[in-house]
Amino acid sequence: MKPTQPDLFAQDNAERNALSDQQRTAIRERLEATIARLQAAETFPYRDPLDAVHEENRFERESKLLGDEGALLWARFDKEMERLHETRFDD
């Protein structure tokens, strides 16, 4: 019987850092929801710029877990953030 939790002391980082299909799906859905929220926004949605930094850091960290798929999601996120940053100074 294979344990459900990877060996935390494994010498192979790939085994320790492998995501299950369920984890990959949850991360993908969370990232897609964030992108959808940004696409729906007409102006910069964060009152505190530090909140935007935290969102970017979280998104980047999670997108890296998805490899190439995550890189595509990061590019979409970055495009939307650039668009929204431009609205911060429109008066």
Side-chain angles (χ1 to χ4, degrees):
M1 179 175 176
K2 184 175 178 169
T4 57
Q5 179 176 347
D7 181 1
L8 297 177
F9 302 103
Q11 297 299 314
D12 181 10
N13 282 340
E15 177 186 345
R16 189 171 56 238
N17 296 329
L19 297 174
S20 69
D21 289 340
Q22 184 179 10
Q23 290 170 315
R24 292 181 70 78
T25 299
I27 291 169
R28 183 182 312 109
E29 288 174 354
R30 207 168 31 246
L31 298 180
E32 288 283 358
T34 300
I35 292 171
R37 230 179 13 258
L38 294 176
Q39 288 172 331
E42 293 182 22
T43 60
F44 192 71
Y46 306 98
R47 288 185 179 193
D48 184 346
L50 198 53
D51 290 340
V53 171
H54 290 304
E55 184 73 19
E56 287 181 27
N57 289 340
R58 180 195 62 82
F59 198 100
E60 183 178 23
R61 185 176 55 252
E62 290 188 357
S63 66
K64 285 181 179 180
L65 294 172
L66 298 179
D68 292 340
E69 177 185 11
L72 295 173
L73 291 168
W74 173 254
R76 290 174 52 204
F77 174 86
D78 194 43
K79 178 182 174 186
E80 288 304 317
M81 286 301 281
E82 283 184 30
R83 176 184 68 83
L84 292 168
H85 273 289
E86 290 174 7
T87 68
R88 288 182 62 202
F89 303 107
D90 289 347
D91 290 327

Checklist entry - With a 4.0 Å cut-off, would you call R58 and E62 a salt bridge? => result yes
Item to check | Side-chain heavy-atom pair I27, R30 within 4.5 angstrom cut-off | outcome: yes
Next on the checklist: So, taking the atom named CG in L66 and the one named CD in Q23, what distance separates them when rounded to the nearest 0.5 Å?
Outcome noted: 10.5 Å
Next on the checklist: Donor-acceptor pair, distance only, cut-off 3.5 Å: does the side chain of T87 make one with the backbone of F44?
Outcome noted: yes
Item to check | Neighbour count above 12 (heavy atom, 6.0 Å) for D21 CG | outcome: no
Checklist entry - Measuring from E56:CD to D78:CG, what's the distance to the nearest 0.5 Å? => result 7.5 Å
Checklist entry - What are the two closest heavy atoms between L84 and A41, and how far apart are they? => result CD2-O, 3.6 Å
Checklist outcome for this item: d(W74 CH2, M81 CE) to nearest 0.5 Å is 8.0 Å
Next on the checklist: Please tell me whether L19 and L31 are part of a single hydrophobic cluster in this structure, the criterion being side-chain heavy atoms less than 4.5 Å apart.
Outcome noted: yes
Checklist outcome for this item: Interatomic distance, CD@E55 vs CG@D51, rounded to 0.5 Å, equals 9.0 Å
Checklist entry - Between CG of L38 and NZ of K79, what distance do you get to the nearest 0.5 Å? => result 12.5 Å
Checklist entry - Aromatic rings F77 and F59: how do their planes relate, parallel, tilted or perpendicular, breaks at 30° and 60°? => result parallel
Next on the checklist: Does this structure show an ion pair linking R83 with E80, if we count only N-O contacts that are shorter than 4.0 Å?
Outcome noted: yes
Item to check | E32/L73 under side chain to side chain contact (heavy atoms under 4.5 Å, CB included): CA gap, chis, key distance, verdict | outcome: CA-CA 8 Å; E32 288 283 358; L73 291 168; 3.3 Å; yes
Checklist outcome for this item: The reported gap from CD in Q39 to OG1 in T34 (rounded to nearest 0.5 angstrom) is 11.0 Å
